[in-house]
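A quick write-up on the structure given underneath.
Because only heavy atoms are used, hydrogens play no part in the values below, and waters and symmetry mates are left out as well, while side chains stay in. Nothing fancy with the numbering, it's 1 onward along the sequence. What you see is a predicted model, and the numbers here were worked out from it, not measured in a lab.
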Amino acid sequence: MVQDIRVIGTGQLLELSARLRRAGHENIRSSFHRRIRRAAEPLRNDLQSTMRGLDIRSQGRAFGKRGGRSPTTRPLRATIADAIRISVRTTGDPGARVWVDKSRLPRDLKRMPDVINDGRIRHPVFGNRRRWATQNATPLWWDRTVRSHHDRITREVGRVVDDVRRHLE
């Protein structure tokens with residue numbers, strides 16, 4: 001599962017971040033940081049809304065099978081959507097990273113974003129390890145959403161780099 005989006009030509013970001021550090025312009029650096037975060041926010045928001053609305057289907061119960069309520073009350077899609085984060089760095093490896101913060105997920109759901117992105121979810125029925133169910137989700141939901149935002153983010157980061165470079169000159 002792709003967990004971040006990389007803009008090719010980040011050498012410009014490295015050079016610009018070093019110039020910002022040398023110049024000591026804290027307000028320009030914070031503006032640079034804020035604008036890069038703003039460029040990534042629509043991607044994070046779209047990933048969260050895609051996750052919340054993701055269609056996860058099962059075959060349903062066969063005739064005569066017993067069923068019942070789920071043993072957990074936590075909503076799967078909302079829990080994963082709330083764990084999608086943005087981190088922005090302007091030093092070292094500069095850029096924005098949109099990722100699933102697995103530390104914000106319950107222990108039994110740490111792998112679930114990757115599993116759902118694969119499109120096939122196998123799990124024990126109500127915790128019974130002798131009986132398993134398969135559910136299907138839209139495969140590659142993460143990858144498709146990231147790809148749809150790539151061009152816009154690349155343009156926006158290029159615009160931010162040009163503005164900051166112009167301000168430093």
Side-chain angles (χ1 to χ4, degrees), residues 1-8 10 13 17 29-154 156-157 160:
M1 175 173 166
V2 179
Q3 294 198 359
D4 60 352
I5 183 168
R6 299 232 178 236
V7 177
I8 307 299
T10 55
L13 288 173
S17 113
R29 199 156 73 196
S30 66
S31 170
F32 179 58
H33 186 275
R34 185 178 59 251
R35 288 180 66 192
I36 288 179
R37 175 176 285 281
R38 256 193 228 136
E41 281 175 353
L43 172 60
R44 185 212 42 211
N45 296 341
D46 197 15
L47 284 167
Q48 286 176 333
S49 66
T50 301
M51 182 69 227
R52 284 190 177 99
L54 194 65
D55 186 30
I56 299 177
R57 300 167 307 281
S58 66
Q59 295 173 346
R61 290 188 210 118
F63 178 75
K65 298 289 183 179
R66 291 181 289 168
R69 292 180 43 82
S70 172
T72 178
T73 58
R74 94 180 151 239
L76 172 69
R77 293 177 196 93
T79 302
I80 294 173
D82 291 341
I84 297 174
R85 297 286 203 224
I86 298 176
S87 61
V88 177
R89 292 179 54 170
T90 54
T91 59
D93 185 17
R97 182 172 174 233
V98 179
W99 54 292
V100 176
D101 185 359
K102 294 187 179 180
S103 69
R104 294 182 53 94
L105 293 174
R107 194 173 65 80
D108 59 333
L109 294 182
K110 300 269 189 220
R111 289 193 54 241
M112 193 55 69
D114 297 321
V115 171
I116 291 175
N117 195 48
D118 290 340
R120 184 170 176 252
I121 308 161
R122 277 192 50 79
H123 60 89
V125 176
F126 298 112
N128 179 356
R129 296 230 167 247
R130 288 181 288 158
R131 186 158 185 166
W132 289 75
T134 301
Q135 291 181 288
N136 299 308
T138 306
L140 304 175
W141 68 273
W142 179 278
D143 302 341
R144 287 183 185 142
T145 307
V146 168
R147 238 179 279 127
S148 70
H149 285 266
H150 185 268
D151 293 337
R152 183 194 55 76
I153 289 175
T154 303
E156 184 62 30
V157 169
V160 169

Side-chain atoms of residues 43-53: list all donor-acceptor pairs with protein atoms under 3.5 Å, sequence neighbours left out, distances to 0.1 Å.
{"residue": "N45", "atom": "ND2", "partner": "E41", "partner atom": "O", "Å": "3.3"}
{"residue": "D46", "atom": "OD2", "partner": "H149", "partner atom": "NE2", "Å": "2.8"}
{"residue": "Q48", "atom": "NE2", "partner": "A81", "partner atom": "O", "Å": "3.1"}
{"residue": "Q48", "atom": "NE2", "partner": "I84", "partner atom": "O", "Å": "3.4"}
{"residue": "S49", "atom": "OG", "partner": "N45", "partner atom": "O", "Å": "3.3"}
{"residue": "S49", "atom": "OG", "partner": "D46", "partner atom": "O", "Å": "3.1"}
{"residue": "T50", "atom": "OG1", "partner": "D46", "partner atom": "O", "Å": "2.7"}
{"residue": "R52", "atom": "NH2", "partner": "D82", "partner atom": "OD1", "Å": "2.5"}

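For the side chain to side chain contact (heavy atoms under 4.5 Å, CB included) test, residues two or more places apart in sequence or in another chain that qualify with A137 are L54, I56, I116, I121. In this structure, the side chain to side chain donor-acceptor pair (under 3.5 Å) partners of R122, at least two apart in sequence or on a different chain, are T134. For R129, the side chain to side chain contact (heavy atoms under 4.5 Å, CB included) test picks out P124, W132, with sequence neighbours left out. Applying the side chain to side chain donor-acceptor pair (under 3.5 Å) test to D101 and every residue at least two apart in sequence or in another chain returns S103. For R130, the side chain to side chain contact (heavy atoms under 4.5 Å, CB included) test picks out N128, with sequence neighbours left out. Qualifying side chain to side chain donor-acceptor pair (under 3.5 Å) partners for R77, counting only residues two or more places apart in sequence or in other chains: none.
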Legend entry - T138 vs R144, side-chain contact (heavy atoms from CB on, under 4.5 Å): CA-CA, chis, key distance, verdict: CA-CA 10 Å; T138 306; R144 287 183 185 142; 3.8 Å; yes
Inset, instruction - Starting from the C-alpha separation in whole Å, work towards a yes-or-no answer on side-chain contact (heavy atoms from CB on, under 4.5 Å) for Q135 and H123. - result: CA-CA 8 Å; Q135 291 181 288; H123 60 89; 3.0 Å; yes
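When atom types are taken as modelled, the side chain of R152 and the backbone of A39 share a donor-acceptor pair closer than 3.5 angstrom. When atom types are taken as modelled, the side chain of K102 and the backbone of R111 share no donor-acceptor pair closer than 3.5 angstrom.
The CZ atom of R104 lies 13.0 Å from the CD1 atom of I80; values are rounded to the nearest 0.5 Å. Distance check: L109 CG to L76 CG gives 6.0 Å after rounding to the nearest 0.5 Å. The structure places OG of S31 at 8.0 Å from CZ of R38, a figure rounded to the nearest 0.5 Å.
You'll find the side chain of V146 stays beyond 4.5 Å of the side chain of H150, heavy atoms only. When side chains are defined from C-beta on, T79 counts as touching P106, because their heavy atoms get closer than 4.5 Å.
Shortest non-hydrogen contact noted between W141 and P113 is NE1-O, 4.3 Å.
In this structure, D108 does not pair ionically with K110, as no charged nitrogen and carboxylate oxygen lie closer than 4.0 Å.
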